Amino acid sequence: MRLARTRVALPALAGAALLTGTLLSSPAEAAGGVRIHHVWFDSPGSDNRSNKSLNAEWVQLRNTSGSAVSLKGWVLKDASHHKYVFPNVKIGAGKYLKVRTGSGADTASDKYQDRRAYVWNNDKDTATLTKASGSKVDTCSWTTRDPSDTYC
Ligand SMILES: [Ca+2]
Ligand SMILES: [Ca+2]
């Protein structure tokens with residue numbers, strides 16, 4: 001079961017978010033509007049652990065706020081505490097960023113965990129995004145009832 005999400009009128013709140021986090025009810029907004037937007041947990045085709053297949057498994061973040069947010073030291077982890085620590089990168093206002101499981105050269109829009117095994121279980125798992133301080137920013141959970149093409 002995916003977690004219930006609070007949908008708010010983000011364009012209207014983007015300015016307010018710059019002034020204070022206390023107006024906003026959830027940790028996601030308080031963190032500046034970075035969310036787990038989509039998790040493609042079941043790589044297309046057979047899961048043969050090829051680098052191509054590993055990189056077709058990813059988590060996509062979205063910055064719904066009106067300003068860039070630094071992800072330095074932020075952590076993306078699964079239910080088994082496999083952690084990916086973000087390098088010194090920013091996610092621009094309104095931009096998306098994918099964290100792919102396999103190896104590759106990081107770009108502005110694509111980061112690589114450089115793993116040789118899958119992280120995001122096909123049957124059931126939870127992606128959790130925390131700040132460097134450990135405070136929770138967002139989570140996304142799924143089961144087999146949620147296909148990979150379902151957004152978080
Ligand atoms: Ca697959
Ligand atoms: Ca996992």
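Both counts, for ligands and for their atoms, begin at 1 and track the order of listing. Computed from heavy atoms alone, side chains included, the values below leave out hydrogens, waters and symmetry copies. Starting from 1, each residue takes its place in the sequence as its number. Just so it is clear, the model here is predicted, and its values are computed rather than measured.
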Under the side chain to side chain donor-acceptor pair (under 3.5 Å) test, which residues partner N88, sequence neighbours left out?
->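 Here no residue qualifies.
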Using a distance threshold of 3.0 Å, what protein N/O/S atoms lie below it relative to the Ca ion (ligand 2)?
->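 Protein N, O or S atoms closer than 3.0 Å to the Ca ion (ligand 2): D78 OD2, V119 O, N121 OD1, D125 OD2.
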When rounded to the nearest 0.5 angstrom, what distance separates CZ in R35 from SG in C152?
->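 Rounded to the nearest 0.5 Å, the CZ-SG separation comes to 11.5 Å.
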Taking atom CG of D125 and atom OG of S80, what is their separation to the nearest 0.5 Å?
->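 Here the rounded value is 6.0 Å.
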Y112 versus N55: any side-chain heavy-atom pair under 4.5 Å?
->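 Side-chain contact under 4.5 Å: yes.
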Counting distance only, does the side-chain N/O of D138 pair as donor-acceptor with the main-chain N or O of T128 below 3.5 Å?
->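 No, D138 side chain to T128 backbone: no donor-acceptor pair under 3.5 Å.
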Hey, is NZ on K95 packed in by over 12 heavy atoms from elsewhere, all under 6.0 Å?
->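 Open: at most 12 neighbouring heavy atoms sit under 6.0 Å from NZ of K95.
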Aromatic rings W40 and H38: how do their planes relate, parallel, tilted or perpendicular, breaks at 30° and 60°?
->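 The arrangement is tilted - the two ring planes meet at 30° to 60°.
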Stepwise side chain to side chain donor-acceptor pair (under 3.5 Å) test for E57 and T101 = CA-CA 6 Å; E57 182 192 81; T101 298; 2.6 Å; yes
Proximal protein heteroatoms (N, O or S) of the Ca ion (ligand 1), under 3.0 Å =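 Counting only protein N, O or S atoms under 3.0 Å from the Ca ion (ligand 1), the list reads D42 OD1, S43 O, G45 O, D47 OD1.
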Please collect all salt bridge (charged side-chain N to carboxylate O under 4.0 Å, His left out) contacts where either partner lies in residues 99-116, sequence neighbours excluded, each pair once.
->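 Applying salt bridge (charged side-chain N to carboxylate O under 4.0 Å, His left out) to every pair that reaches into residues 99-116, excluding sequence neighbours, yields R100-D110.
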